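Input: a single structure, listed below in structure tokens.
Since we're looking at a predicted model, the values are computed, not measured.
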Amino acid sequence: MSDDIDQRIELAAERGDLDELRCLAAAGSRTAEDQLVELAQEREDLDELRRLAAAGNQDAADILMELDEEA
């Protein structure tokens with residue numbers, strides 16, 4: 001992965017820019033997808049976690065399962 005993409009991911013994560021991270025993840029960046037999961041978890045954004053889990057992200061699915069068990 002290029003340094004440019006890594007930098008875009010880092011800046012988007014710092015800004016909390018979910019749209020930018022979604023674009024980068026859709027382009028195939030696993031790092032961007034990981035950042036999306038992390039931000040969604042921090043924000044308790046269940047809709048985003050569900051979207052990611054439905055798209056096959058196991059980390060998001062695991063977080064949702066943990067949250068469900070806590071409820």
Side-chain angles (χ1 to χ4, degrees):
M1 189 179 307
S2 77
D3 289 339
D4 180 51
I5 292 174
D6 286 340
Q7 186 174 21
R8 285 177 61 193
I9 293 167
E10 185 177 337
L11 291 172
E14 287 173 7
R15 290 190 315 266
D17 188 342
L18 294 178
D19 290 334
E20 176 73 4
L21 289 171
R22 284 186 200 114
C23 287
L24 293 164
S29 171
R30 176 67 188 174
T31 305
E33 191 171 328
D34 290 344
Q35 287 295 315
L36 267 174
V37 171
E38 188 175 316
L39 276 176
Q41 182 179 18
E42 287 173 9
R43 295 177 176 189
E44 298 180 4
D45 186 341
L46 298 180
D47 290 337
E48 185 67 18
L49 288 169
R50 286 185 192 108
R51 186 191 70 77
L52 290 161
N57 185 291
Q58 189 58 50
D59 292 335
D62 291 345
I63 292 166
L64 286 169
M65 231 179 354
E66 288 173 17
L67 292 172
D68 192 43
E69 288 172 3
E70 292 173 7

[X] versus [Y]: any side-chain heavy-atom pair under 4.5 Å?
X	Y	result
Thr31	Leu24	no
Leu64	Asp68	no
Glu10	Gln35	no

Value for CG (Leu49) from CD (Glu44), rounded to nearest 0.5 Å, stands at 10.0 Å
To the nearest 0.5 Å, atom SG of Cys23 lies from atom CG of Asp17 at 8.5 Å
Sequence neighbours excluded, the answer for side-chain contact (heavy atoms from CB on, under 4.5 Å) partners of Leu11 is Gln7, Glu14, Arg15
Partner of Ser29 under side chain to side chain contact (heavy atoms under 4.5 Å, CB included), picked from Asp34, Ile9, Leu21, Asp6, is Ile9
Notebook entry, point to check: Can you get from Met65 to Leu36 by hopping between Ile, Leu, Val, Met, Phe, Trp and Tyr side chains that sit under 4.5 Å apart?
Noted result: no
Enumerate donor-acceptor pairs with a distance under 3.5 Å from any side-chain N or O in residues 52-63 to protein atoms, sequence neighbours excluded.
residue, atom, partner, partner atom, Å
Asn57, OD1, Asp59, N, 3.0
Asn57, OD1, Ala60, N, 2.8
Asn57, ND2, Glu33, OE2, 2.6
Gln58, NE2, Asp62, OD1, 2.8
Asp59, OD2, Arg30, NH2, 3.3

query = Got a donor-acceptor contact below 3.5 angstrom from the Arg51 side chain to the Leu46 backbone?
reply = no
